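Quick caveat: nothing in here was measured; it's all calculated off a predicted structure.
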Amino acid sequence: MTDLLVANVRPDAKTTSDILIKDGRIAAIGPNLPREPGLQVHDGADAIAIAPFVEPHVHLDKILWGLPWHGINVPRTLREMIDNEVEIRRNLPWGVPERAGNLMRQCVAMGSTHIRSHIDISTEYKLDNLHGVLEAWEKTRHAVGLELVAFPQTGMMIDPGTADLMEAALDEGASVIGGIDPGGIDGDPKGHLDTIFDIASRKGAKIDIHLHEAGDLGLFEMGLIVERTKALGLQGRVVVSHAFCLGDPQRDKVERMIDMVVEARIGIISSVPGANVFPPMFELARRGVKCAIASDSLRDTWNPHGNGDMLERCWLLAYRTGSRTDDKLIECLGMGTSRGAELLDLQGHGLEIGCEGSLVLMAGENLAQIVVDRPKRALVVKNGRIVARDGKWVD
């Protein structure tokens, strides 16, 4: 069903209204809208209605959600963490379709109706992880939009054949080319970036690069990304995830780099990490950079934390940045909703007539309060269809 009347709610915590969804789109908003015969009606009990959360960076193929607790053994280096994960994944009792499906349903239950996920591609994995996630999506696509990144987690230049597989992934369901720490993983920043930018340019794909490398190395690599983005006319189509270098204390260098990022229209995603510096998200937003927050690694071999709840991530941003006023708390909420939609260029995200008929209901006083208290999602609607209720997936 794509026709639904969500009655007695407060859109964005404003005046109590009804929201009519017809053919999957918001058709009317106002008090006491007519109840057409046969129309499904849900009484929102004066809950707050907001546009859905957006999860712009997660790893569906890595997830251990639903499996017994996995104690984390944290190796000393990123390379050791990658190799450790590869070994553990060889012996998991569930395959990618089961694990990825579990997390998709959890994200929907928490109010996210769009996900961008990085999918590991290598000569060992080939395209198996991609196919597994797509198989899982067949059972959840009515509830969540999905965008997949062909991601060379284990290395690309050091694993000949991976680049060809990443390009092939674009013909089999992926739409974004990923990259990771061109110096630290592949030891060849120029070769790594030249390869992924060449694929993206030829195939008309977007780019999303993990850049954990901090300090001068990270700033140098960010400069290489800027150069290639501008040279190939890919402004507005490139995202850098993590970008720890933009949180560096060398403020003069960082300010110059932010100027370059603004000019190249490069987007920035942060998971608000607990142990690392992260980009100045509010400053980036103020200067016109498309930026958002995300879960990234959660409940996998890297990290036991996280539950697919983007509202919790908004609260974490507020906590880490000392955001206490209502205005700042609402800005944190936007980093998990509207700014994520803008960064991923999602059309029709919002609570206005003509927008996609998708929304989340929560009991609460106002938008600032729901960031702090993180209430249960009373209802999640995707294109006029109820897909989660009381924090649980509706089958």
Discussion item. With a 3.5 Å distance limit and no angle check, can you tell me whether Arg10 reaches the backbone of Glu365 through a side-chain donor-acceptor pair?
Written reply: yes

Practice prompt. Using distance alone, with no hydrogens and no angle criterion, decide if Asp252 and Gln250 have a side-chain donor and acceptor under 3.5 Å apart.
Written response: no

Worksheet entry | Any donor-acceptor pair under 3.5 Å from Asp186 side chain to Met156 backbone | yes

Worksheet item: Is it true that Asp248 and Lys253 have a side-chain N and a carboxylate O under 4.0 angstrom from each other?
Response: no

Practice prompt. Report the C-alpha distance between Leu246 and Met257 in whole Å, list the side-chain angles of each, state the deciding distance to 0.1 Å, and finish with yes or no for side-chain contact (heavy atoms from CB on, under 4.5 Å).
Written response: CA-CA 8 Å; Leu246 295 184; Met257 184 54 65; 3.8 Å; yes

Fill in: Residue pair Arg313, Asp309: steps toward the salt bridge (charged side-chain N to carboxylate O under 4.0 Å, His left out) verdict
CA-CA 7 Å; Arg313 195 65 46 165; Asp309 186 353; over 6 Å; no

Discussion item. Any side-chain to backbone donor/acceptor pair from Arg339 onto Ala292? Under 3.5 Å, distance only.
Written reply: no

Worksheet item: Side-chain heavy atoms under 4.5 angstrom apart, residues restricted to Ile, Leu, Val, Met, Phe, Trp, Tyr: same cluster for Val238 and Leu219?
Response: yes

Discussion item. What verdict does the side-chain hydrogen bond (donor to acceptor under 3.5 Å, both in side chains) test give for Asn84 and Thr301, after you've listed the backbone C-alpha separation in whole Å, the side-chain angles of each residue and the deciding distance to 0.1 Å?
Written reply: CA-CA 8 Å; Asn84 179 59; Thr301 67; 5.1 Å; no

Discussion item. Taking the side chain as everything from C-beta on, heavy atoms only, tell me whether Ser338 gets closer than 4.5 Å to Val54.
Written reply: no

Fill in: Between Ser241 and His210: side-chain donor-acceptor atoms closer than 3.5 Å
no

Discussion item. Could you check whether any side-chain heavy atom of Ile209 comes within less than 4.5 Å of a side-chain heavy atom of Ile177, counting everything from C-beta outward?
Written reply: no

Item to complete: Might you point out which heavy atoms bring Leu317 and Phe278 nearest each other, and give the distance in Å?
Response: CD1-CE1, 4.1 Å

Worksheet item: Can Glu124 and Arg90 be said to form a salt bridge (charged side-chain N to carboxylate O under 4.0 Å, His left out), step by step?
Response: CA-CA 11 Å; Glu124 175 172 337; Arg90 289 192 179 111; 3.0 Å; yes

Worksheet item: Roughly how far, to the nearest 0.5 Å, is CG of Leu103 from CH2 of Trp65?
Response: 7.5 Å

Item to complete: Check for a donor-acceptor pair, side chain of His118 on one end and backbone N or O of Val58 on the other, with a separation under 3.5 Å.
Response: no

Worksheet entry | Side-chain ion pair, Arg105 and Asp395, N-O less than 4.0 Å | no

Discussion item. For the residue pair Ser201 / Asp198, report whether a side-chain donor-acceptor contact shorter than 3.5 Å exists.
Written reply: no

Discussion item. Please find the pair of heavy atoms, one from Pro11 and one from Val9, that lie closest to each other, and give the distance.
Written reply: CD-O, 3.3 Å

Fill in: Thr123 side chain to Asp159 side chain, donor-acceptor N/O pair below 3.5 angstrom
yes

Worksheet item: Under a 4.5 Å cut-off applied to non-hydrogen side-chain atoms, are Ile48 and Ile370 in contact?
Response: yes

Worksheet item: Just checking, is any N or O donor in the side chain of Asp120 or Thr154 under 3.5 Å from an acceptor N or O on the other one?
Response: no

Item to complete: Check the hydrophobic clustering (I, L, V, M, F, W, Y; side-chain heavy atoms under 4.5 Å; chains of links allowed) and say if Val360 and Ile19 are grouped together.
Response: no

Worksheet item: So, Arg389 side chain and Leu379 main chain: donor-acceptor pair closer than 3.5 Å or not?
Response: no

Fill in: Flag if over 12 foreign heavy atoms under 6.0 Å of CD, Glu283
yes

Discussion item. Salt bridge check, Glu36 against Lys22: does any charged N sit closer than 4.0 Å to a carboxylate O?
Written reply: yes

Item to complete: Keeping the roles fixed (side chain from Arg99, backbone from Trp94), state whether a donor-acceptor pair exists under 3.5 Å.
Response: yes

Worksheet item: Is it true that atom NE2 of His70 has more than 12 heavy atoms of other residues, nucleotides or ligands lying nearer than 6.0 Å?
Response: yes

Fill in: Test: Glu227 and Lys190 ion pair at under 4.0 Å
no

Worksheet entry | Test item: side-chain donor near acceptor, His114 and Glu55, under 3.5 Å | no

Fill in: Thr321-Ser323 side chain donor-acceptor pair, cut-off 3.5 Å
yes

Item to complete: Verify the cluster assignment for Ile266 and Leu193: are they in a single hydrophobic cluster under the rule of side-chain heavy atoms below 4.5 Å apart?
Response: yes

Fill in: Charged tip of Arg374 within 45° of Trp315 ring normal and under 6.0 Å
yes

Worksheet item: How close do Met335 and Met281 get, heavy atom to heavy atom, and via which atoms?
Response: CE-O, 3.5 Å

Worksheet item: Counting only heavy atoms not in Phe220, do more than 12 fall under 6.0 Å of its CZ?
Response: no

Practice prompt. Mark yes when over 12 heavy atoms from residues, nucleotides or ligands other than Arg141 sit less than 6.0 Å from its CZ; otherwise mark no.
Written response: yes

Worksheet item: Can we say Asp18 and Arg35 salt-bridge, meaning some charged N sits less than 4.0 Å from an Asp/Glu carboxylate O?
Response: yes

Worksheet item: Is Leu64 close to Leu92 at the side-chain level, that is, under 4.5 Å between some pair of heavy atoms?
Response: yes

Worksheet, complete the sentence: Heavy atoms of Phe53 and Leu333 approach each other most closely as CE2-CD1, 3.8 Å

Practice prompt. Give the cluster check for Ile63 versus Leu60: same hydrophobic cluster or not, with ILVMFWY residues linked at side-chain heavy-atom distances below 4.5 Å.
Written response: yes

Fill in: Stacked cation flag Arg89 on Tyr125, 6.0 angstrom / 45 deg
yes

Worksheet item: Does the side chain of Ser358 come under 3.5 Å of the side chain of Glu356 through a donor N or O and an acceptor N or O?
Response: yes

Worksheet item: Do the non-hydrogen side-chain atoms of Thr113 and Val380 ever get within less than 4.5 Å of each other?
Response: yes

Worksheet item: Do the side chains of Leu67 and Met104 join up, straight or via other hydrophobic residues, at under 4.5 Å, putting them in one cluster?
Response: no

Worksheet item: About how many Å separate CG of Asn32 and OG of Ser17, when rounded to the nearest 0.5 Å?
Response: 9.0 Å

Worksheet item: Can Asp390 and Arg377 be counted as an ion pair, charged N to O under 4.0 angstrom?
Response: no

Worksheet item: Roughly how far, to the nearest 0.5 Å, is the SG atom of Cys332 from the CZ atom of Arg320?
Response: 12.0 Å

Fill in: Minimum heavy-atom distance Ile268-Pro279, with the two atoms named
CG2-CG, 3.9 Å

Worksheet entry | Gln106 side chain near Trp393 side chain, heavy-atom distance below 4.5 Å | no

Practice prompt. Take Arg228 and Asp194 through the test salt bridge (charged side-chain N to carboxylate O under 4.0 Å, His left out) and record every step on the way to the result.
Written response: CA-CA 8 Å; Arg228 285 155 177 76; Asp194 283 350; 2.8 Å; yes

Discussion item. Any salt bridge linking Glu167 with Arg202? Criterion: basic side-chain nitrogen under 4.0 Å from a carboxylate oxygen.
Written reply: yes

Response to the item:
Value for CG (Asn307) from OG (Ser295), rounded to nearest 0.5 Å, stands at 7.5 Å

Discussion item. If I compare all heavy atoms of Ala100 with all of Val133, which pair ends up nearest, and what's the gap?
Written reply: CB-CG2, 4.1 Å

Worksheet item: Is there side-chain contact between Met310 and Met110, with at least one heavy-atom pair below 4.5 Å?
Response: no

Worksheet item: Is the closest side-chain heavy-atom distance between Ile82 and Trp302 below 4.5 Å?
Response: yes

Practice prompt. Can you measure from CG (Leu344) to NZ (Lys290) and round to the nearest 0.5 angstrom?
Written response: 9.5 Å

Worksheet item: Would you say Glu221's side chain and Gly183's backbone share a donor-acceptor pair under 3.5 angstrom?
Response: yes

Worksheet entry | Donor-acceptor contact present, side-chain Asn303 to main-chain Ser297, <3.5 Å | yes

Fill in: Any donor-acceptor N or O pair under 3.5 Å, side chains Gln369, Asp326
no

